[in-house]
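Note that ligands are numbered from 1 as they come in the structure, with each ligand's atoms numbered from 1 the same way.
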Amino acid sequence: MSARVRCAVFPVAGLGTRFLPATKTVPKEMLPVVDRPLIQYAVDEAIEAGCDTLVFVTNRYKHSVADYFDKAYELEQKLERAGKSELLASIRDVLPRHVRAVFVTQAEALGLGHAVLCARPVVGDQPFAVLLPDDLIWSRGAGATRQLVELATQQKASVIAVQDVPIEQTRSYGIVATRDFTGRHGEISAIVEKPRPEESPSTLAVVGRYVLQPEIFELLESTKPGAGGEIQLTDGIAALLKAHKTLAYRFEGRRFDCGSRIGLIEATLQYALEDDDLRDAAKALMRQALAKG
Ligand code: G1P
């Protein structure tokens, strides 16, 4: 078994109902934050972590995700003729040359655990990363996935990103209980999907970044539908931690919940403020909008 984490799995078969009607034709992973779709941020983070095989678990409505990573001959020719080299580079660089994209279909929407299982034939018997693109993580230093990969490699463990949430929000997340929390990580002793606040083992919530050992696949094969009637990744992890070291890791960085409308707006404001070309104009607009508010 190679210890290097080469495969990153992107479950992108969800319906994105919170963004209807936009998501009637635009997959939620293709919604932009400033000028790049959410999927591009996740892909860049995986590549920065050393992954060179990107596995997109998609469905028949998500052709635009595959189209996005494909070569756009006509557009490239037009930009080339017009001498627009920066724009040309931006569309050519969506994937570096050493990285390959593989698309697998999740024919039925049976849940996140099932989506990850669909990637098994590509991933095989090696540790792999899972990134949920609607969790956008901004970070000044190493990206969140790279942080997880380093810890997973060093500890020969599965590692799950977590952050503290208010108790009333536990029903939106997988929640972990941990023991021996030192520094940024601790061993997970229990994990439950979307518990009610009064039943939640803690307020430490799973964020959409995982590095998993391949034993998870066998366990997902026998995972029964759980919360929401879906095959949950959380339930597969609950089985995994009984026999394999599984760590919770409080990553460095700021997470935006781009699966919600307000989270997408928050991310857009933050990324505009981080952009040298946009910062001043964005600040002026925000001030104006607040003054009128
Ligand atoms: C999924 C996972 C959940 C996790 C969350 C993070 O839920 O099932 O455990 O906390 O992502 O964003 P979803 O938001 O897809 O319902």
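- Residue L88 belongs to a hydrophobic cluster whose other members are L75, L79, L87, I91, with links defined by side-chain heavy atoms closer than 4.5 Å.
- Remark: minimum distance from atom 13 (P) of ligand 1 to any protein heavy atom is reached at K194 NZ, 3.6 Å.
- Checked options F10, F217, Y210; the residue passing with F128 is F217 (criterion: ring-ring contact (aromatic ring centres under 6.0 Å, His included)).
- For Q40, the side chain to side chain donor-acceptor pair (under 3.5 Å) partners are D44, Y68, not counting sequence neighbours.
- Remark: minimum distance from atom 8 (O) of ligand 1 to any protein heavy atom is reached at E193 OE2, 2.7 Å.
- Counting only distance, with no hydrogens or angles, the side chain of R250 and the backbone of V162 share no donor-acceptor pair below 3.5 Å.
- In terms of protein heavy atoms, atom 11 (O) of ligand 1 is closest to L132 CD1, 3.4 Å.
- Atom 4 (C) of ligand 1 has V206 O, 3.5 Å as its closest protein atom, hydrogens excluded (heavy atom only).
- Heavy atoms only, all atoms of each residue included: E252 and Y249 are closest at N-OH, 4.4 Å.
- Ligand-side atoms of ligand 1 in range of T234: 9 (O), range being under 4.0 angstrom from any heavy atom.
- Within the 4.0 Å heavy-atom criterion, the part of D135 lying near ligand 1 is the side chain and not the backbone.
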